[in-house]
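Quick note: residue numbers are just sequence positions, from 1. Values in this document were obtained by computation on a predicted structure and should not be read as measured data. Numbering of ligands and ligand atoms starts at 1, following listing order.
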Amino acid sequence: MQITSQLSSQLEQLRQQHRYRTLTQRQSSQVQFGNNDYLGLSMHPRVKAAYAEGIHQFGASSGASPLVSGYQAPHAYLREQLAQWLGREDALLFSSGFAANQCVMQALASIYQRIVLDKLSHASLIDGVRHFEHWKRFRHNDVAHAAQLLVPNEANLLVTESVFSMDGDSAPLTELANLQADLWVDDAHGIGVVGDDGRGAAEQLSAMQAPLLTITFGKGLGVMGAAIVGSSLLIDYLTNHAREFIYSTAMPAAQALAVSAAVDVVASSEGAVLRQRLNDTIQYFRECCRLNGLPIGDNHHAIQTLIVGDDAKAVAWGQALQTHGIHCGVIRPPTVPQGSARLRMTIAATHSNAQIDNLVAALVATRESLERAEIT
Ligand SMILES: Cc1ncc(COP(=O)(O)O)c(C=O)c1O
């Protein structure tokens, strides 16, 4: 290969910066505080049974892109179910949230005259808009700054996440919805878990207030894939312009059935019990951290963070926790801003208080051992 030396030197640079990434296989012996399966639905009997039945009936693949022949009855059902559940006119299914955000942003960037995104917006949104010129980022959750960046009397698109993926804090959705712009909320980490009914941003904002929503199926819903939810006109436009939708194989029908089953659970009284359990566990974790002087971030969502700053230090924390049988996310730049490398711990309804006790004890022990190592 002609670029061997360039590849090697780029990788070496990452190693030097402690930002080199490798895949580590998930160990079943470790307690997971690193995934986004907040309600434990990936292992829910109804969701697994729907998947298995779907494979039995429709096979392992949809076989084609949706506009060719990949669109089947379970896709149509899920689409209607989502629209009805979230109080919107229609939905369009994608194989991942990344694909949905990136291509929908691209498809809309040619329509809007100004696009304004929160500084901490997900990479998929940034990737979608970065080749256009008319976009700006506002300071994180700063509504006044967002207002300043909008262009009066022009078509403005304002973009935010509902619950931020790497910080776990929430956006001021109602205030953002009052600005003179169409609001697009990426509800990846809110759907299923936020709100009395688990309907996330759609529960808080009407279709008028937030005409565009991204919901992902691989986090609180425990499956995989995503949807863009909005007006019939918007979905019609995207059906004709969203390139990943047009040119990529549709998700398997079995997967659509599994997502439908997950939505049924989330919308049921069992869903409410799971959300209550999740919120109780989050509060329990936060209280244990407070009692032990662990400086976690100030939010009450399932994503809890401990900012350690230095990249190498964050890696050391993650490795030390592994020795206690605990896995959590070690997040470094460029995913988060320079100097804010962190542990990203996700709490789930399936965690027991004993597991939370172990996590907190491991955090305390790690802090002590790393402090000792620094002194000596
Ligand atoms: C805020 C946000 N949007 C979109 C995505 C992408 O979703 P998916 O994992 O379905 O590709 C993620 C994934 O981590 C996310 O955190």
Side-chain angles (χ1 to χ4, degrees), residues 21 23 26 32-39 41-42 47 78 82 91-106 108 115 117-130 137 140-141 157-171 173 176 183-194 200-202 210 212-230 242-245 248-252 255-256 258-259 262-263 297 299 301-305 328-332 334-337 342 344-348:
R21 297 162 161 129
L23 283 168
R26 191 192 287 184
Q32 275 303 315
F33 287 97
N35 71 40
N36 304 312
D37 185 12
Y38 305 123
L39 300 178
L41 295 190
S42 73
V47 176
L78 174 59
L82 291 174
L92 199 62
L93 306 181
F94 291 84
S95 48
S96 78
F98 199 105
N101 278 349
Q102 188 185 28
C103 77
V104 168
M105 183 62 97
Q106 245 169 33
L108 292 177
I115 300 178
L117 302 94
D118 188 286
K119 187 100 172 67
L120 298 187
S121 295
H122 192 260
S124 51
L125 295 162
I126 306 291
D127 279 11
V129 80
R130 71 186 340 158
R137 290 203 263 186
H140 179 50
N141 279 347
L157 177 64
L158 182 60
V159 187
T160 185
E161 293 177 24
S162 54
V163 177
F164 282 84
S165 59
M166 293 301 140
D167 292 78
D169 57 339
S170 357
L173 291 183
L176 289 171
L183 179 62
W184 176 359
V185 180
D186 178 348
D187 202 17
H189 296 277
I191 194 74
V193 292
V194 170
L212 201 67
L213 297 173
T214 302
I215 59 164
T216 59
F217 307 148
K219 304 179 198 305
L221 295 175
V223 191
M224 177 74 197
I228 296 290
V229 189
R243 292 173 68 78
E244 269 86 348
F245 175 78
S248 187
T249 302
M251 69 169 66
Q255 190 179 317
V259 176
V263 171
N299 87 72
H301 289 292
I303 301 164
Q304 296 288 316
T305 57
C328 60
V330 173
I331 314 291
R332 290 162 284 172
T335 308
V336 291
R342 66 196 65 182
R344 177 182 184 270
M345 295 162 284
T346 46
I347 310 297

Which distance, rounded to the nearest 0.5 Å, do you find between the [atom1] of [X] and the [atom2] of [Y]?
X: I126; Y: D118; atom1: CD1; atom2: CG; result: 9.0 Å
X: M224; Y: K219; atom1: CE; atom2: NZ; result: 8.5 Å
X: L183; Y: T160; atom1: CG; atom2: OG1; result: 7.5 Å
X: F217; Y: Q255; atom1: CZ; atom2: CD; result: 8.5 Å
X: L39; Y: L221; atom1: CG; atom2: CG; result: 8.0 Å

Quick test: of every protein heavy atom, which one is nearest to [atom], and how far off is it to 0.1 Å?
atom: atom 7 (O) of ligand 1; result: G97 CA, 3.4 Å
atom: atom 3 (N) of ligand 1; result: D186 OD2, 2.6 Å
atom: atom 11 (O) of ligand 1; result: F98 N, 2.9 Å

Check: Under 3.5 Å, is there a donor-acceptor pair between the S162 and D187 side chains?
Finding: yes
Note to self: By the definition side-chain hydrogen bond (donor to acceptor under 3.5 Å, both in side chains), identify the one residue from H189, H301, E161 that meets it with S170.
What the structure shows: H301
Check: What atoms of ligand 1 come within less than 4.0 Å of a heavy atom belonging to N101?
Finding: 3 (N), 4 (C)
Item checked: For S165, the ligand 1 atoms whose distance to one of its heavy atoms is below 4.0 Å -> 16 (O)
Check: Which one of H122, Q102, M166, E161 has a non-hydrogen atom at the shortest distance from atom 15 (C) of ligand 1?
Finding: H122
Check: Does T214 approach ligand 1 within less than 4.0 angstrom via side chain, backbone, both or neither, non-hydrogen atoms only?
Finding: neither
Notebook entry, point to check: Given that the side chain starts at C-beta and the backbone is N, CA, C, O, which of these parts of S96 lies under 4.0 Å from ligand 1, counting heavy atoms, or is it both or neither?
Noted result: both
Backbone or side-chain N or O of [X] under 3.5 Å from ligand 1 N or O:
X: H189; answer: yes
X: A188; answer: no
X: K219; answer: yes

Next item on the list: State which residue, out of K119, R344, R342, fulfils the salt bridge (Lys or Arg N to Asp or Glu O under 4.0 Å) condition with D167.
Entry: R342
